[in-house]
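Shown next, in structure tokens, is the structure this report addresses.
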Amino acid sequence: MDEIEIPSHFLCPISLQLMRDPVTVCTGITYDRENIERWLFSCKNNTCPVTKQCLLDTDLTPNHTLRRLIQAWCTLNASLGVERIPTPKPPIDRTHIVKLLSEAKRFPEKQLKCLRRLRSIAFEGQRNKNCLESAGAIEFLASTMKNNIQEDSSTVFSEAAIEVLFHLNLSEAQLKSLINNEGIQFIESLFQVLRLGNYQSRAYATMLLRSAFEVADPIQLISVKTVLFVEIMRVLCDKISQQASKAALKLIVELCPWGRNRIKAVEGGAVSVLIELLLDASERRACELMLIALDQLCGCAEGRAELLNHGAGVAIVSKKILRISHVASDRGVRILTSICRYSANSRALHEMLQVGAVSKLCLVLQVDSSFKTKERAKEILKLHSSVWKNSPCIPVPLLSSYP
């Protein structure tokens, strides 16, 4: 079939495609709604793409005349395979959303239906998300989750609310406002979904918790409970999604430096879970995050004891050195440094020889590693040279680098 020539005034100025919902901006230029909304709301531009003028008003006026012309042209060319574009639905406005929220507050039986409608609205584009935010949907969703906190109660409302909240892509300021206004109850509502929700909702809760704790006050970071670490470990063990796993790992890294959180994480089973995951992990960033978390946990005696008590702890840490990245190597050497400085009993030193950790430290001195990593490796080897230096476990070619 020959190529169909489309009249140029039917084309979107942003991309060469047939307009489906032509709208006009305040400069008088007509665009396809989807494209100009992406330009304005997703890409956060405030100019007209054609005239480059600043748009003081971002209201989009439907160009009904052009839309009817396009539909007529499509009908005339139907025999050539051109499909008629449907008449678009009128866009959602703030007034409609305010009415929806008001009904849900007045009639609790309509709440779930409202949440599902908010979900479909949010999925239709960034403009709709902006409308939801300006109409007070974020506060409504947080309130719904807070009101659903009851021991072992159904999380169906919280799960519906958390999905919408996640897809609104809350800014740092919005998250801070939620935490300040809703306080610990917002965190508790996320934790309830993390504990009782379905897989997808738990993933959303993990990612929202990670974002929330990034902007939380120190007192909120210090006051987390051991059960939170238990649930984070469960997310990692269930392997819900790569995105959720990385969020869970970043959450551990964010929380561990505060107060007694390292001990709480150890009590929550973090060391064992991280070692087991590290055995099968190959993706660079995931390995780095696991080693960063283990390095933090080995900053306390309980963490070092758990790592040494695990049959594969020292072995997998030393195995990852020089195999993943400079960051992973540095963290692996730091973990071994913590063990050799503070937990170097005869069993631990003998295990390091057997699993090749000492040989790997000698190798670190020979290859391209960071200065600090080499200095730490040298320190460990010097610290226990009386035990290791003449061991047959160290290959002869590596002995020359022994300090």
Side-chain angles (χ1 to χ4, degrees), residues 151-152 155 158-159 162 166 184 187-214 216 220-283 285-317 320 328 331-332 335 338:
E151 189 65 26
D152 295 327
T155 57
S158 291
E159 287 177 24
I162 204 172
F166 173 77
I184 193 66
I187 302 296
E188 287 291 333
S189 62
L190 290 175
F191 175 69
Q192 186 195 39
V193 175
L194 192 65
R195 188 168 61 90
L196 300 173
N198 59 38
Y199 268 30
Q200 188 62 70
S201 298
R202 287 167 60 207
Y204 293 145
T206 303
M207 290 181 274
L208 279 172
L209 274 169
R210 182 242 163 169
S211 299
F213 279 124
E214 277 189 327
Q220 292 167 320
L221 295 169
I222 292 168
S223 60
V224 299
K225 300 174 183 176
T226 302
V227 286
L228 175 62
F229 290 101
V230 172
E231 293 303 325
I232 296 170
M233 292 307 114
R234 198 160 65 92
V235 169
L236 288 171
C237 290
D238 289 343
K239 298 179 180 178
I240 296 171
S241 70
Q242 192 175 46
Q243 195 179 13
S245 293
K246 283 191 177 177
L249 289 169
K250 288 176 182 177
L251 188 51
I252 299 167
V253 171
E254 179 72 34
L255 290 173
C256 277
W258 297 91
R260 298 183 70 257
N261 286 350
R262 287 181 299 187
I263 297 172
K264 294 173 190 174
V266 173
E267 291 171 349
V271 175
S272 177
V273 170
L274 290 170
I275 291 170
E276 294 293 332
L277 290 172
L278 203 52
L279 288 168
D280 298 321
S282 57
E283 198 269 324
R285 187 53 183 157
C287 286
E288 288 176 351
L289 287 169
M290 291 174 199
L291 288 165
I292 291 170
L294 281 173
D295 175 32
Q296 291 177 336
L297 295 172
C298 284
C300 65
E302 293 84 353
R304 294 191 296 274
E306 284 291 315
L307 187 130
L308 288 171
N309 287 335
H310 194 292
V314 174
I316 192 59
V317 168
K320 296 298 180 182
R331 291 294 175 160
I335 292 167
S338 293

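Numbering starts at 1 and runs along the sequence shown.
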Practice prompt. Measure across Cys256 and Gln296 and return the closest heavy-atom pair with its distance rounded to 0.1 Å.
Written response: CB-OE1, 3.3 Å
Discussion item. To the nearest 0.5 Å, what is the distance between CG on Leu297 and CD1 on Ile263?
Written reply: 10.5 Å
Item to complete: Evaluate the side-chain proximity of Ile232 to Thr206: yes if any heavy-atom separation is below 4.5 Å, no if none is.
Response: no
Item to complete: State the CD1-CG distance between Ile292 and Leu274, to the nearest 0.5 angstrom.
Response: 11.5 Å
Worksheet entry | Side chain Thr155, main chain Ser158, donor-acceptor under 3.5 Å | no
Discussion item. Are the side chains of Trp258 and Val224 in contact, using a 4.5 Å heavy-atom criterion?
Written reply: no
Fill in: For the student: nearest non-hydrogen atoms of Cys287 and Lys320, plus distance
SG-NZ, 4.3 Å
Worksheet item: Do the charged groups of Glu254 and Lys250 touch, with an N to O distance under 4.0 Å?
Response: no
Response to the item:
Nearest heavy-atom contact between Ala247 and Met207 is CB-CG, 3.6 Å
Worksheet entry | Note, Ile187 side chain near Gln220 side chain (heavy atom, < 4.5 Å) | no
Worksheet item: Rounded to the nearest 0.5 Å, what separation is found between the CD atom of Glu231 and the CG atom of Leu194?
Response: 5.5 Å
Discussion item. Closer than 3.5 angstrom, by distance alone: can the side chain of Arg304 be matched with the main-chain N or O of Cys298 as a donor-acceptor pair?
Written reply: yes
Discussion item. Working note: Asn309 + Val271, criterion side chain to side chain contact (heavy atoms under 4.5 Å, CB included); need CA distance, chi angles, decisive distance, verdict.
Written reply: CA-CA 10 Å; Asn309 287 335; Val271 175; over 6 Å; no
Worksheet item: Short question: side chain of Asp295, backbone of Arg331 - any donor-acceptor pair under 3.5 Å?
Response: no
Worksheet item: Atom OH of Tyr199 and atom NZ of Lys239: how far apart are they, to the nearest 0.5 Å?
Response: 11.0 Å
Practice prompt. State plainly whether the residues Lys264 and Glu267 are in salt-bridge range, i.e. N to O under 4.0 Å.
Written response: no
Worksheet item: Where do Val266 and Cys300 come nearest, in terms of heavy atoms and distance?
Response: CG2-SG, 4.2 Å
Worksheet item: Is Asp238 reaching over with its side chain to a backbone N or O of Ile240, donor-acceptor style, under 3.5 angstrom?
Response: no
Practice prompt. Measure across Gly313 and Ile275 and return the closest heavy-atom pair with its distance rounded to 0.1 Å.
Written response: CA-CD1, 3.7 Å
Worksheet item: What are the two closest heavy atoms between Leu249 and Ala286, and how far apart are they?
Response: CD1-O, 4.0 Å
Response to the item:
Separation between CD (Glu214) and CG (Leu251), nearest 0.5 Å, reads 9.0 Å
Worksheet item: So, do Arg234 and Arg202 sit near enough that their side-chain heavy atoms are less than 4.5 Å apart?
Response: yes
Worksheet item: Below 4.5 Å, heavy atoms only, C-beta onward: do Glu276 and His310 meet side chain to side chain?
Response: yes
Discussion item. Run Leu228 and Leu255 through side chain to side chain contact (heavy atoms under 4.5 Å, CB included) and show every step you take.
Written reply: CA-CA 11 Å; Leu228 175 62; Leu255 290 173; 4.0 Å; yes
Discussion item. Rounded at 0.5 Å granularity, tell me how far CG in Leu209 sits from OG in Ser211.
Written reply: 9.0 Å
Worksheet item: Would you call Val317 and Leu307 a side-chain contact if the rule is heavy atoms closer than 4.5 Å?
Response: yes
